[in-house]
Amino acid sequence: MTIASPHLGSSAAWTDARLLYALEEVVEKELNRHLQVAKDWMPHEYVPWSDGRNFPGVFEDGEPWEKEQSKVTEIGRIALVVNLLTEDNLPSYHHEIATLFGRDGAWGTWVHRWTAEEGRHGIVMRDYLLASRAVDPDKLEQFRMAHMSEGFESDNGHSMLHSVAYVAFQELATRISHRNTGHQSGDPVCDRMLARIATDENLHMVFYRNLLKAAFELAPDLTMQAVRDVVVNFRMPGHGMPGFERAAAQMAIGEVYNLRIHHDDVLQPVLRFLKIMEIDGLGPEGQQAQEELGLFMGGLDAEAAKFDEKLAARKARMAARAAG
(Lines give C-alpha, C1' and ligand atoms only; values in the text may rest on other atoms or scores of the structure.)
Protein backbone atom coordinates (compact mmCIF):
# COMPACT_ATOMS: atom_id res chain seq x y z
CA MET A 1 0.00 0.00 0.00
CA THR A 2 1.33 3.43 -0.90
CA ILE A 3 0.23 6.98 -0.41
CA ALA A 4 -0.43 8.98 -3.56
CA SER A 5 1.91 11.93 -3.66
CA PRO A 6 3.83 13.90 -6.30
CA HIS A 7 7.09 12.21 -5.30
CA LEU A 8 7.15 9.33 -2.83
CA GLY A 9 10.80 9.90 -2.03
CA SER A 10 10.19 13.50 -1.10
CA SER A 11 10.75 14.19 2.58
CA ALA A 12 7.85 16.62 2.62
CA ALA A 13 5.45 13.91 1.45
CA TRP A 14 5.86 11.74 4.53
CA THR A 15 4.69 12.14 8.10
CA ASP A 16 4.77 9.49 10.80
CA ALA A 17 1.06 8.90 10.28
CA ARG A 18 1.43 8.40 6.53
CA LEU A 19 4.37 6.07 6.97
CA LEU A 20 2.50 4.01 9.55
CA TYR A 21 -0.41 3.66 7.15
CA ALA A 22 1.78 2.93 4.13
CA LEU A 23 3.73 0.23 5.98
CA GLU A 24 0.67 -1.49 7.48
CA GLU A 25 0.58 -4.22 4.81
CA VAL A 26 4.30 -4.88 5.25
CA VAL A 27 3.82 -5.17 9.01
CA GLU A 28 0.97 -7.65 8.48
CA LYS A 29 3.09 -9.72 6.08
CA GLU A 30 6.08 -9.73 8.43
CA LEU A 31 3.86 -10.51 11.41
CA ASN A 32 2.39 -13.54 9.65
CA ARG A 33 5.87 -14.72 8.63
CA HIS A 34 7.08 -14.27 12.21
CA LEU A 35 4.19 -16.25 13.67
CA GLN A 36 4.91 -19.10 11.25
CA VAL A 37 8.58 -19.42 12.17
CA ALA A 38 8.57 -18.44 15.86
CA LYS A 39 8.36 -21.36 18.27
CA ASP A 40 6.67 -21.09 21.65
CA TRP A 41 8.85 -22.21 24.53
CA MET A 42 8.46 -22.59 28.28
CA PRO A 43 10.76 -20.46 30.46
CA HIS A 44 10.50 -22.90 33.38
CA GLU A 45 12.05 -25.65 31.26
CA TYR A 46 15.36 -23.77 31.09
CA VAL A 47 15.76 -23.21 34.85
CA PRO A 48 17.78 -25.61 37.09
CA TRP A 49 15.15 -25.68 39.83
CA SER A 50 16.81 -28.59 41.66
CA ASP A 51 19.79 -26.30 42.37
CA GLY A 52 17.61 -23.80 44.21
CA ARG A 53 17.38 -23.37 47.96
CA ASN A 54 16.05 -20.81 50.42
CA PHE A 55 17.62 -17.42 50.94
CA PRO A 56 17.54 -15.73 54.38
CA GLY A 57 14.42 -13.73 55.17
CA VAL A 58 11.08 -15.30 55.96
CA PHE A 59 12.82 -18.68 55.88
CA GLU A 60 14.85 -19.20 59.02
CA ASP A 61 16.83 -21.92 57.31
CA GLY A 62 17.82 -19.61 54.46
CA GLU A 63 21.39 -19.81 53.20
CA PRO A 64 23.14 -16.47 52.53
CA TRP A 65 24.39 -15.86 49.00
CA GLU A 66 28.10 -16.30 48.27
CA LYS A 67 29.86 -15.92 44.96
CA GLU A 68 31.41 -19.39 45.18
CA GLN A 69 27.99 -21.06 45.12
CA SER A 70 27.71 -20.62 41.35
CA LYS A 71 29.88 -21.85 38.48
CA VAL A 72 29.15 -18.68 36.49
CA THR A 73 32.29 -16.69 35.64
CA GLU A 74 32.83 -13.12 36.83
CA ILE A 75 32.33 -11.65 33.35
CA GLY A 76 29.28 -13.87 32.93
CA ARG A 77 27.82 -12.54 36.19
CA ILE A 78 28.39 -8.91 35.16
CA ALA A 79 26.88 -9.39 31.71
CA LEU A 80 23.90 -11.35 33.04
CA VAL A 81 22.99 -8.50 35.39
CA VAL A 82 23.28 -5.92 32.60
CA ASN A 83 21.23 -8.07 30.23
CA LEU A 84 18.52 -8.77 32.80
CA LEU A 85 18.21 -5.16 33.93
CA THR A 86 17.85 -4.21 30.27
CA GLU A 87 15.00 -6.71 29.88
CA ASP A 88 13.41 -5.44 33.10
CA ASN A 89 12.51 -2.12 31.48
CA LEU A 90 10.01 -3.85 29.19
CA PRO A 91 7.06 -1.77 30.50
CA SER A 92 8.81 1.40 29.32
CA TYR A 93 9.71 -0.13 25.98
CA HIS A 94 6.13 -1.30 25.47
CA HIS A 95 4.77 2.14 26.31
CA GLU A 96 7.10 3.76 23.80
CA ILE A 97 6.44 1.51 20.82
CA ALA A 98 2.71 1.33 21.57
CA THR A 99 2.65 5.13 21.53
CA LEU A 100 4.66 5.33 18.29
CA PHE A 101 3.19 2.38 16.40
CA GLY A 102 -0.32 2.30 17.86
CA ARG A 103 -2.42 -0.48 19.39
CA ASP A 104 -4.68 -1.20 16.43
CA GLY A 105 -4.38 -3.30 13.30
CA ALA A 106 -1.25 -5.21 12.39
CA TRP A 107 0.95 -2.70 14.18
CA GLY A 108 -0.90 -3.21 17.44
CA THR A 109 -0.90 -6.99 17.09
CA TRP A 110 2.88 -6.91 16.60
CA VAL A 111 3.42 -4.58 19.56
CA HIS A 112 1.58 -6.92 21.91
CA ARG A 113 3.12 -10.09 20.49
CA TRP A 114 6.62 -8.61 20.74
CA THR A 115 5.97 -7.57 24.34
CA ALA A 116 4.72 -11.04 25.27
CA GLU A 117 7.78 -12.70 23.74
CA GLU A 118 10.18 -10.27 25.38
CA GLY A 119 8.49 -10.87 28.73
CA ARG A 120 9.75 -14.45 28.70
CA HIS A 121 13.33 -13.26 28.62
CA GLY A 122 13.22 -11.43 31.92
CA ILE A 123 11.25 -14.26 33.54
CA VAL A 124 13.67 -17.04 32.60
CA MET A 125 16.81 -15.01 33.28
CA ARG A 126 15.73 -14.00 36.79
CA ASP A 127 14.57 -17.51 37.64
CA TYR A 128 17.89 -18.93 36.42
CA LEU A 129 19.95 -16.38 38.35
CA LEU A 130 18.11 -17.05 41.60
CA ALA A 131 17.91 -20.84 41.29
CA SER A 132 21.58 -21.14 40.36
CA ARG A 133 22.69 -18.43 42.83
CA ALA A 134 24.67 -16.75 40.07
CA VAL A 135 24.24 -13.24 41.51
CA ASP A 136 23.59 -11.54 44.85
CA PRO A 137 19.75 -11.45 44.97
CA ASP A 138 19.61 -8.40 47.24
CA LYS A 139 21.85 -6.32 44.97
CA LEU A 140 19.99 -7.51 41.90
CA GLU A 141 16.69 -6.31 43.32
CA GLN A 142 18.23 -3.01 44.46
CA PHE A 143 19.59 -2.47 40.93
CA ARG A 144 16.20 -3.35 39.42
CA MET A 145 14.38 -0.85 41.60
CA ALA A 146 16.90 1.91 40.88
CA HIS A 147 16.90 1.25 37.13
CA MET A 148 13.14 0.97 36.69
CA SER A 149 12.48 3.95 38.94
CA GLU A 150 14.42 6.08 36.47
CA GLY A 151 12.26 4.84 33.60
CA PHE A 152 13.46 4.77 30.01
CA GLU A 153 13.28 7.40 27.31
CA SER A 154 14.59 6.48 23.89
CA ASP A 155 16.86 8.77 21.91
CA ASN A 156 14.53 8.09 18.97
CA GLY A 157 11.10 8.61 20.48
CA HIS A 158 10.56 11.70 18.33
CA SER A 159 10.24 9.68 15.13
CA MET A 160 8.62 6.41 14.12
CA LEU A 161 11.17 5.96 11.35
CA HIS A 162 14.12 6.54 13.69
CA SER A 163 12.60 4.03 16.11
CA VAL A 164 12.27 1.36 13.42
CA ALA A 165 15.88 1.99 12.37
CA TYR A 166 17.07 1.80 15.97
CA VAL A 167 15.39 -1.48 16.85
CA ALA A 168 16.66 -3.09 13.63
CA PHE A 169 20.18 -2.67 15.04
CA GLN A 170 19.35 -2.92 18.74
CA GLU A 171 17.60 -6.29 18.49
CA LEU A 172 20.69 -7.72 16.80
CA ALA A 173 22.94 -6.09 19.40
CA THR A 174 20.87 -7.70 22.16
CA ARG A 175 21.03 -11.07 20.43
CA ILE A 176 24.83 -10.85 20.18
CA SER A 177 25.16 -9.71 23.79
CA HIS A 178 23.04 -12.60 25.09
CA ARG A 179 24.81 -15.15 22.91
CA ASN A 180 28.30 -14.04 23.89
CA THR A 181 27.28 -13.89 27.55
CA GLY A 182 26.23 -17.52 27.31
CA HIS A 183 29.53 -18.49 25.72
CA GLN A 184 31.48 -16.68 28.44
CA SER A 185 29.28 -17.79 31.36
CA GLY A 186 31.06 -21.04 32.14
CA ASP A 187 27.71 -22.80 32.64
CA PRO A 188 26.16 -24.94 29.86
CA VAL A 189 22.70 -24.42 31.39
CA CYS A 190 23.12 -20.65 31.13
CA ASP A 191 24.46 -20.99 27.60
CA ARG A 192 21.39 -22.96 26.48
CA MET A 193 19.02 -20.48 28.10
CA LEU A 194 20.65 -17.47 26.46
CA ALA A 195 20.80 -19.26 23.10
CA ARG A 196 17.01 -19.66 23.30
CA ILE A 197 16.60 -15.94 24.09
CA ALA A 198 19.00 -15.01 21.29
CA THR A 199 16.84 -16.92 18.80
CA ASP A 200 13.88 -14.70 19.71
CA GLU A 201 15.97 -11.55 19.42
CA ASN A 202 17.15 -12.58 15.97
CA LEU A 203 13.58 -13.05 14.76
CA HIS A 204 12.69 -9.62 16.13
CA MET A 205 15.66 -8.14 14.28
CA VAL A 206 14.52 -9.74 11.02
CA PHE A 207 11.04 -8.23 11.45
CA TYR A 208 12.36 -4.71 11.94
CA ARG A 209 15.12 -5.07 9.34
CA ASN A 210 12.59 -6.08 6.69
CA LEU A 211 10.35 -3.22 7.74
CA LEU A 212 13.27 -0.84 7.38
CA LYS A 213 13.90 -2.20 3.88
CA ALA A 214 10.32 -1.39 2.93
CA ALA A 215 10.72 2.11 4.37
CA PHE A 216 13.71 2.65 2.07
CA GLU A 217 11.51 1.81 -0.91
CA LEU A 218 8.90 4.34 0.17
CA ALA A 219 10.96 7.21 1.58
CA PRO A 220 14.65 6.63 0.78
CA ASP A 221 15.92 10.06 1.80
CA LEU A 222 14.18 10.13 5.16
CA THR A 223 15.10 6.52 5.89
CA MET A 224 18.76 7.11 5.01
CA GLN A 225 18.84 10.08 7.38
CA ALA A 226 17.21 8.01 10.12
CA VAL A 227 19.74 5.19 9.71
CA ARG A 228 22.60 7.70 9.72
CA ASP A 229 21.34 9.31 12.90
CA VAL A 230 20.76 5.99 14.66
CA VAL A 231 24.12 4.47 13.73
CA VAL A 232 26.12 7.57 14.63
CA ASN A 233 24.37 8.07 17.97
CA PHE A 234 23.70 4.44 18.89
CA ARG A 235 23.38 3.57 22.58
CA MET A 236 22.18 0.35 24.16
CA PRO A 237 18.85 0.71 26.02
CA GLY A 238 20.47 -0.15 29.35
CA HIS A 239 22.81 2.85 29.33
CA GLY A 240 21.02 4.48 32.26
CA MET A 241 21.34 1.60 34.72
CA PRO A 242 23.56 1.88 37.84
CA GLY A 243 27.22 1.26 37.05
CA PHE A 244 26.60 0.75 33.33
CA GLU A 245 29.80 2.41 32.13
CA ARG A 246 32.03 0.20 34.28
CA ALA A 247 30.07 -2.92 33.39
CA ALA A 248 30.23 -2.04 29.68
CA ALA A 249 34.00 -1.64 29.92
CA GLN A 250 34.31 -5.04 31.60
CA MET A 251 32.07 -6.62 28.96
CA ALA A 252 34.24 -5.06 26.24
CA ILE A 253 37.42 -6.54 27.69
CA GLY A 254 35.64 -9.85 28.28
CA GLU A 255 34.62 -9.90 24.58
CA VAL A 256 30.92 -9.97 25.30
CA TYR A 257 30.27 -6.67 23.52
CA ASN A 258 32.83 -4.17 22.27
CA LEU A 259 33.60 -1.88 19.35
CA ARG A 260 34.77 -4.69 17.08
CA ILE A 261 31.70 -6.77 17.82
CA HIS A 262 29.44 -3.72 17.38
CA HIS A 263 31.00 -2.90 13.99
CA ASP A 264 31.36 -6.41 12.57
CA ASP A 265 28.45 -8.34 14.07
CA VAL A 266 25.75 -5.69 14.53
CA LEU A 267 26.05 -2.70 12.22
CA GLN A 268 27.63 -4.30 9.17
CA PRO A 269 25.21 -7.23 8.76
CA VAL A 270 22.16 -4.94 8.71
CA LEU A 271 23.83 -2.36 6.46
CA ARG A 272 24.95 -5.08 4.05
CA PHE A 273 21.49 -6.64 3.90
CA LEU A 274 19.95 -3.27 3.09
CA LYS A 275 22.77 -2.48 0.61
CA ILE A 276 22.90 0.95 2.16
CA MET A 277 25.94 2.22 0.27
CA GLU A 278 24.55 1.00 -3.07
CA ILE A 279 21.28 2.93 -2.90
CA ASP A 280 21.15 5.59 -5.61
CA GLY A 281 18.66 8.16 -6.79
CA LEU A 282 18.76 9.93 -3.43
CA GLY A 283 18.11 13.63 -3.01
CA PRO A 284 20.76 15.98 -1.59
CA GLU A 285 19.89 15.25 2.06
CA GLY A 286 19.82 11.51 1.46
CA GLN A 287 23.15 11.59 -0.36
CA GLN A 288 24.72 13.58 2.45
CA ALA A 289 23.42 11.10 5.03
CA GLN A 290 24.77 8.19 2.97
CA GLU A 291 28.21 9.80 2.70
CA GLU A 292 28.31 10.65 6.39
CA LEU A 293 27.29 7.09 7.26
CA GLY A 294 30.12 5.71 5.14
CA LEU A 295 32.65 8.02 6.77
CA PHE A 296 31.41 7.12 10.23
CA MET A 297 31.67 3.39 9.56
CA GLY A 298 35.23 3.86 8.33
CA GLY A 299 36.12 5.79 11.46
CA LEU A 300 34.43 3.21 13.69
CA ASP A 301 36.40 0.42 12.02
CA ALA A 302 39.62 2.34 12.73
CA GLU A 303 38.62 2.80 16.38
CA ALA A 304 37.78 -0.89 16.61
CA ALA A 305 41.24 -1.74 15.23
CA LYS A 306 42.84 0.35 17.99
CA PHE A 307 40.74 -1.46 20.57
CA ASP A 308 41.77 -4.80 19.08
CA GLU A 309 45.42 -3.86 19.50
CA LYS A 310 44.94 -2.82 23.12
CA LEU A 311 43.01 -6.00 23.89
CA ALA A 312 45.70 -8.16 22.27
CA ALA A 313 48.41 -6.37 24.26
CA ARG A 314 46.44 -6.89 27.47
CA LYS A 315 46.09 -10.61 26.75
CA ALA A 316 49.83 -10.85 26.06
CA ARG A 317 50.62 -9.17 29.39
CA MET A 318 48.30 -11.49 31.29
CA ALA A 319 49.77 -14.55 29.56
CA ALA A 320 53.30 -13.39 30.43
CA ARG A 321 52.35 -12.95 34.09
CA ALA A 322 50.75 -16.38 34.19
CA ALA A 323 53.83 -17.96 32.63
CA GLY A 324 56.19 -16.09 34.95
Side-chain donor/acceptor pairs under 3.5 Å, residues 185-197, sequence neighbours excluded:
residue, atom, partner, partner atom, Å
S185, OG, G182, O, 2.8
S185, OG, D187, N, 3.2
S185, OG, D187, O, 3.3
D187, OD1, V189, N, 3.1
D187, OD2, Y128, OH, 2.5
D191, OD1, R179, NH1, 2.8
D191, OD1, H183, N, 3.4
R196, NH2, D200, OD1, 2.9

Donor-acceptor check, side chain of [X] to backbone of [Y], threshold 3.5 angstrom: yes or no?
X    : Y    : result
N156 : S163 : no
E292 : D229 : no
N202 : A198 : no
Q184 : G254 : yes
E24  : A106 : yes
W49  : A131 : no

Hphob cluster co-occupancy, [X] + [Y], side-chain heavy atoms under 4.5 angstrom:
X    : Y    : answer
L31  : V167 : yes
L282 : L161 : yes
I261 : M297 : yes
M277 : F169 : yes
F273 : M205 : yes

Could you report the tightest heavy-atom contact between [X] and [Y], atom names first, then the distance?
X    : Y    : value
L311 : I253 : CD1-O, 3.6 Å
P43  : V47  : O-CG2, 3.6 Å
R260 : A305 : NH2-N, 3.3 Å
V270 : A168 : CG2-O, 4.0 Å
G283 : D221 : N-OD1, 2.8 Å
M160 : L19  : CE-CB, 3.3 Å

Report task. For F216 and V227, run side chain to side chain contact (heavy atoms under 4.5 Å, CB included): C-alpha distance rounded to whole Å, both residues' side-chain angles, the deciding distance at 0.1 Å, then the answer. Result -> CA-CA 10 Å; F216 264 112; V227 170; 4.0 Å; yes

**Report entry** side-chain hydrogen bond (donor to acceptor under 3.5 Å, both in side chains) contacts touching residues 99-111 (sequence neighbours left out)
**Finding:**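 Residue pairs passing side-chain hydrogen bond (donor to acceptor under 3.5 Å, both in side chains), neighbours aside: W110-Y208.
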
**Report entry** Option among R144, M241, M145 that satisfies the side chain to side chain contact (heavy atoms under 4.5 Å, CB included) test with D88
**Finding:**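 Going through the options one by one, the only one that passes is R144.
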
Is the shortest heavy-atom distance from the side chain of [X] to the side chain of [Y] under 4.5 Å?
X    : Y    : value
L85  : F244 : no
V26  : L211 : yes
T86  : T174 : no
S159 : Y166 : no
L80  : M125 : yes
N210 : V206 : yes
P91  : M148 : yes
V266 : R175 : no

Using a 6.0 Å cut-off, check whether atom [atom1] of [X] has over 12 heavy atoms from anything other than its own residue.
X    : atom1 : answer
H112 : NE2   : yes
Q268 : CD    : yes
R314 : CZ    : no

Query raised in the report: With the threshold set at 4.0 Å, does a side-chain nitrogen-carboxylate oxygen contact exist between R113 and E117?
Result: yes

Query raised in the report: Would you call K306 and E309 a salt bridge, using N to O less than 4.0 angstrom?
Result: no

Query raised in the report: Rest of the hydrophobic cluster containing L203 (Ile/Leu/Val/Met/Phe/Trp/Tyr, side-chain heavy atoms under 4.5 Å)?
Result: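 When side chains under 4.5 Å apart are linked, the cluster holding L203 also contains V37.
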
Report task. Check the pair E118, Y93 against side chain to side chain contact (heavy atoms under 4.5 Å, CB included), reporting the backbone distance first and the verdict last. Result -> CA-CA 10 Å; E118 288 287 343; Y93 308 148; over 6 Å; no

Report task. Can you spot which of H178, R126, E201 makes a side-chain hydrogen bond (donor to acceptor under 3.5 Å, both in side chains) with H121? Result ->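 Checked H178, R126, E201 against H121; only one passes side-chain hydrogen bond (donor to acceptor under 3.5 Å, both in side chains): E201.
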
Query - Sole candidate of E171, H94, H34 that passes side-chain hydrogen bond (donor to acceptor under 3.5 Å, both in side chains) when paired with W114 - result: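 Option passing the side-chain hydrogen bond (donor to acceptor under 3.5 Å, both in side chains) with W114: E171.
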
Query raised in the report: Given E30 and K213, is the salt bridge (charged side-chain N to carboxylate O under 4.0 Å, His left out) satisfied, shown in steps?
Result: CA-CA 12 Å; E30 290 302 315; K213 183 176 184 292; over 6 Å; no

How long is the straight-line distance from [atom2] of [Y] back to [atom1] of [X], given to the nearest 0.5 Å?
X    : Y    : atom1 : atom2 : result
L20  : T15  : CG    : OG1   : 8.5 Å
H239 : E245 : NE2   : CD    : 10.0 Å
R228 : Q290 : CZ    : CD    : 11.5 Å
L172 : H262 : CG    : NE2   : 10.0 Å
H263 : L259 : NE2   : CG    : 10.0 Å
I97  : T115 : CD1   : OG1   : 5.0 Å

Requested in this report: Answer yes or no on whether R133 is positioned over the face of F55, meaning its NZ or CZ is under 6.0 Å from the six-membered ring centre and within 45° of the axis.
Outcome: yes

Report task. Verify side chain to side chain contact (heavy atoms under 4.5 Å, CB included) between N180 and E255, making sure each step is shown before the conclusion. Result -> CA-CA 8 Å; N180 288 344; E255 298 182 85; over 6 Å; no

Query raised in the report: Given the rule in the side chain to side chain contact (heavy atoms under 4.5 Å, CB included) test, do M251 and N83 qualify, once you have shown the distances and angles that lead to the verdict?
Result: CA-CA 11 Å; M251 290 168 67; N83 291 353; 4.3 Å; yes

Query raised in the report: Without hydrogens or angle criteria, can the side chains of E96 and S92 be said to hold a donor-acceptor pair below 3.5 Å?
Result: no

Query raised in the report: So, H44 and D127: side-chain donor and acceptor under 3.5 Å apart, yes or no?
Result: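 Their side chains do not contain a donor-acceptor pair, so the 3.5 Å distance test is not met.
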
